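A note on names: the letters A, B, ... follow the listed sequences, proteins ahead of strands, and every chain is numbered from 1. As the structure is a prediction and not an experimental result, all values here were calculated from the model.
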Number of protein chains: 2
Amino acid sequence: MTTIHEVAHAAGVSISTVSYALSGKRPVSEKTRKRIEDAVHTLGYEPDAGARMLAGRRTHIFALTEPLRADTHAPTHMAFVLATAVAARRQGYDILLLTDEQTSEGMNRVAASNLVDAILVLDVAPDDERVAIARTVRTPTVFIGLPDDSEGLTCVDLDFEAVGHLAVDRLADAGHERITLLGQTEVSYRRSNFPRRLLHGVQERIAARGIALTWSVTGAASTEPAAVRAAAEEALARGDRAFIVHAVDDVHEILLSVLDEHGLTVGADVAVISAAASFDTAMLSVPIDTIPLIPQQSCELAVDLAVRSLDGEAAPRIHLIPPEYRAVGSVSPAGD
Amino acid sequence: MTTIHEVAHAAGVSISTVSYALSGKRPVSEKTRKRIEDAVHTLGYEPDAGARMLAGRRTHIFALTEPLRADTHAPTHMAFVLATAVAARRQGYDILLLTDEQTSEGMNRVAASNLVDAILVLDVAPDDERVAIARTVRTPTVFIGLPDDSEGLTCVDLDFEAVGHLAVDRLADAGHERITLLGQTEVSYRRSNFPRRLLHGVQERIAARGIALTWSVTGAASTEPAAVRAAAEEALARGDRAFIVHAVDDVHEILLSVLDEHGLTVGADVAVISAAASFDTAMLSVPIDTIPLIPQQSCELAVDLAVRSLDGEAAPRIHLIPPEYRAVGSVSPAGD
DNA sequence: TTGAAAGCGATACCAC
DNA sequence: GTGGTATCGCTTTCAA
């Protein structure tokens with residue numbers, strides 16, 4: 001195993017110079033730096049993780065707690081995990097996985113043993129038990145999601161209420177006076193809080209703009225596609241010609257096929273907006289305007305906040321990411 | 001931060017006794033052990049991870065490399081990650097995530113820096129680049145999956161060929177002479193090797209038993225359900241009354257609904273076996289005999305092998321897990 | 001059955 | 001701009 005001593009010897013300098021050359025925490029002359037870098041390269045030197053943790057006060061590891069509930073949407077969840085890992089790595093951090101069954105035990109353990117520099121919390125529930133732990137632990141913690149009680153916490157999330165506002169505004173501006181919201185599964189309105197926040201945003205804005213709303217909870221599209229069809233059919237029967245879809249990709253496809261069966265053209269006869277979807281809506285059979293939920297955005301910001309809090313910057317606060325509207329032509333004036 | 005010194009002081013012993021009491025590597029009298037345990041408990045002591053890594057030669061961390069390809073089936077993949085994490089934790093190990101973009105770089109880095117005790121490789125491709133790295137690195141590596149060239153490696157996987165044999169045998173024993181295999185997507189037959197192995201097992205056995213086989217590649221069920229329907233319809237038109245399904249849950253459901261539309265009763269008019277599925281086939285609308293792929297099995301064995309290889313046991317070799325048939329009545333004699 | 005002390009391999013302070 | 005060295009907290013001989 002290559003140690004810093006061997007590198008120092010090969011480069012003809014002391015170990016402290018090697019350390020400083022690598023960390024950049026002290027100026028090193030151009031030539032010695034070059035010699036050191038060469039030695040590092042030819043010897044394939046990589047600082048020992050344990051020694052670095054012990055001597056420095058950084059482990060260069062973040063914990064990621066992810067409670068995999070039965071109703072977790074795997075693709076979305078994976079996108080968040082991946083985005084977090086990539087963002088962390090770019091800042092020189094690795095990700096240590098903390099799964100269920102060890103949620104509280106795991107957080108306490110990694111904190112007490114100084115195994116990680118910070119903890120990132122995924123898939124936050126309204127009454128998340130990890131909130132209490134985050135408050136007792138010394139290790140900086142960043143929530144990707146928003147619990148009901150976020151007092152004193154650092155949280156990052158898409159501004160779902162603003163998503164609701166934005167969606168309604170677009171449809172209202174296009175002249176629609178009746179909107180159907182195809183929502184998530186019933187259970188997700190209880191277990192998570194972002195569906196509620198989006199719904200709330202929508203309700204606020206329809207009230208302000210005098211618009212009629214019908215909100216339909218959808219079942220899991222894969223197991224009960226009939227429920228989604230039924231909701232779509234009823235909406236059309238009611239005369240609704242504007243849809244906000246806050247659901248998985250399958251639900252979008254079902255809606256699109258129902259519209260197609262009725263001979264309705266998206267963007268002409270009927271308006272559709274996909275709200276807070278994290279999959280690529282360009283993959284749908286018909287392009288749909290979208291107000292995307294971008295995992296990379298939330299996760300990069302979360303990692304940034306974690307890093308900054310290690311440097312003493314960053315006071316606890318909630319960071320709501322403003323939504324962005326991406327038009328591709330699925331919304332047009334009503335009745336045109 | 002609580003250190004081993006404080007624990008030793010509180011218990012009135014030396015730090016070495018504390019260390020031994022906790023590791024159990026040296027006998028400690030009952031009373032002193034009790035005193036130490038009490039001190040540990042009241043002080044909330046947890047050994048410093050960095051110090052432990054440096055002094056001991058174990059980090060108590062396993063790396064898990066998971067290349068998330070575009071065609072990765074998220075739920076299955078998550079099941080494997082989760083199963084690995086749980087199994088590792090039970091043996092006192094945490095999981096460090098190594099994603100794409102850093103596959104080779106990551107493996108080399110964690111190995112060179114002694115960050116992990118072993119590396120677990122998920123989602124193995126036939127010509128996986130991680131095979132070469134595993135051979136150059138000192139860190140013990142266990143593959144969960146089987147690459148084409150597995151010389152000198154430790155691999156764990158379901159015996160997919162045996163799954164093929166078993167499925168054909170059951171159908172043949174029930175008197176079926178014509179079988180349709182609804183397989184995976186085309187791309188997975190190129191990118192992975194377990195679909196090929198299952199197919200091969202099926203082909204071997206139908207040849208041996210003189211049975212006619214039609215193999216259909218299915219598209220992604222969610223985006224091209226029509227392709228799956230078509231394959232099922234053709235099979236019925238051909239007169240096939242026995243199906244082996246090696247695909248995601250959606251494909252199963254489509255087949256079942258086609259059978260239903262034709263007035264065919266599973267287990268009476270037609271035989272269906274689900275091969276190597278990792279989801280719960282009891283959740284399907286009609287119960288189906290299954291030869292399951294159990295992530296927990298592979299992952300637990302893999303973790304076991306990793307742990308054992310640290311103790312110098314376990315020589316490199318391939319571990320194929322024998323398949324198991326679970327009958328629920330979806331297979332019966334042909335033409336009855 | 002228990003204790004003293006020598007490392008483990010970095011970081012970062014104190015000198016020069 | 002560079003070098004010496006105390007230090008981090010634990011594991012593990014070596015001794016008693």
Quiz item: Does the side chain of B/K25 get closer than 4.0 angstrom to OP1 or OP2 of D/dT12 through an N or O atom?
Solution: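 Answer yes for this pair, as a side-chain N or O of B/K25 is under 4.0 Å from OP1 or OP2.
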
Strictly under 3.5 Å: I want the nitrogen or oxygen pairs between protein and nucleotides 4-6 of chain D, one per line.
| unit_1 | atom_1 | unit_2 | atom_2 | d |
| --- | --- | --- | --- | --- |
| D/dG4 | O6 | A/S16 | OG | 3.2 |

Exercise. Output every pair passing side chain to side chain donor-acceptor pair (under 3.5 Å) with a member in residues 132-148 of chain B, not counting sequence neighbours, ordered by first then second residue.
Key: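 As it turns out, the side chain to side chain donor-acceptor pair (under 3.5 Å) pairs with a partner in residues 132-148 of chain B, which skip direct neighbours, are B/R135-B/D149.
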
Quiz prompt | Selection residues 20-31 of chain B - residue pairs positive for side chain to side chain donor-acceptor pair (under 3.5 Å), sequence neighbours left out | solution = B/S29-B/T32

Self-check item: Sub-4.5 Å side-chain heavy-atom contact between A/V307 and A/Y93
Solution: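 In short, these two side chains touch, coming nearer than 4.5 Å.
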
Quiz item: Bend angle of the helix from C/dT1-D/dA16 to C/dC16-D/dG1 from five-pair axes at both ends, rounded to 10°?
Solution: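 Between the first-five-pair axis and the last-five-pair axis there is 30°.
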
Quiz prompt | Set of residues satisfying ring pair (Phe, Tyr, Trp, His ring centres under 6.0 Å) with respect to A/F160, sequence neighbours excluded | solution =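 Listed in chain order: A/F194.
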
Self-check item: Those residues that, when tested against B/F143, pass ring pair (Phe, Tyr, Trp, His ring centres under 6.0 Å) (two or more places apart)
Solution: none

Quiz item: So which pairs with a foot in residues 50-63 of chain A pass salt bridge (Lys or Arg N to Asp or Glu O under 4.0 Å), sequence neighbours left out?
Solution: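 Qualifying pairs: A/R58-A/D311.
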
Exercise. Determine which pairs satisfy salt bridge (Lys or Arg N to Asp or Glu O under 4.0 Å) with at least one residue from residues 106-120 of chain A, sequence neighbours left out, and list them in order.
Key: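 Applying salt bridge (Lys or Arg N to Asp or Glu O under 4.0 Å) to every pair that reaches into residues 106-120 of chain A, excluding sequence neighbours, yields A/E105-A/R109, A/R109-B/D94.
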
Self-check item: Residues within residues 34-58 of chain A bordering DNA chain D, heavy-atom distance below 4.0 Å
Solution: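 Residues of residues 34-58 of chain A under 4.0 Å from DNA chain D: A/L54, A/A55.
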
Quiz item: Taking 5' to 3' order, which nucleotide of DNA chain C is first and which is last to have an atom within less than 4.0 Å of a heavy atom in chain A?
Solution: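 So the outermost contacting nucleotides come out as C/dG9 to C/dC14.
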
Quiz item: Looking at residues at least two apart in the chain, or sitting in another chain, which of them share a salt bridge (charged side-chain N to carboxylate O under 4.0 Å, His left out) with A/E37?
Solution: A/R33

Quiz item: Under the salt bridge (charged side-chain N to carboxylate O under 4.0 Å, His left out) test, which residues partner B/D159, sequence neighbours left out?
Solution: none

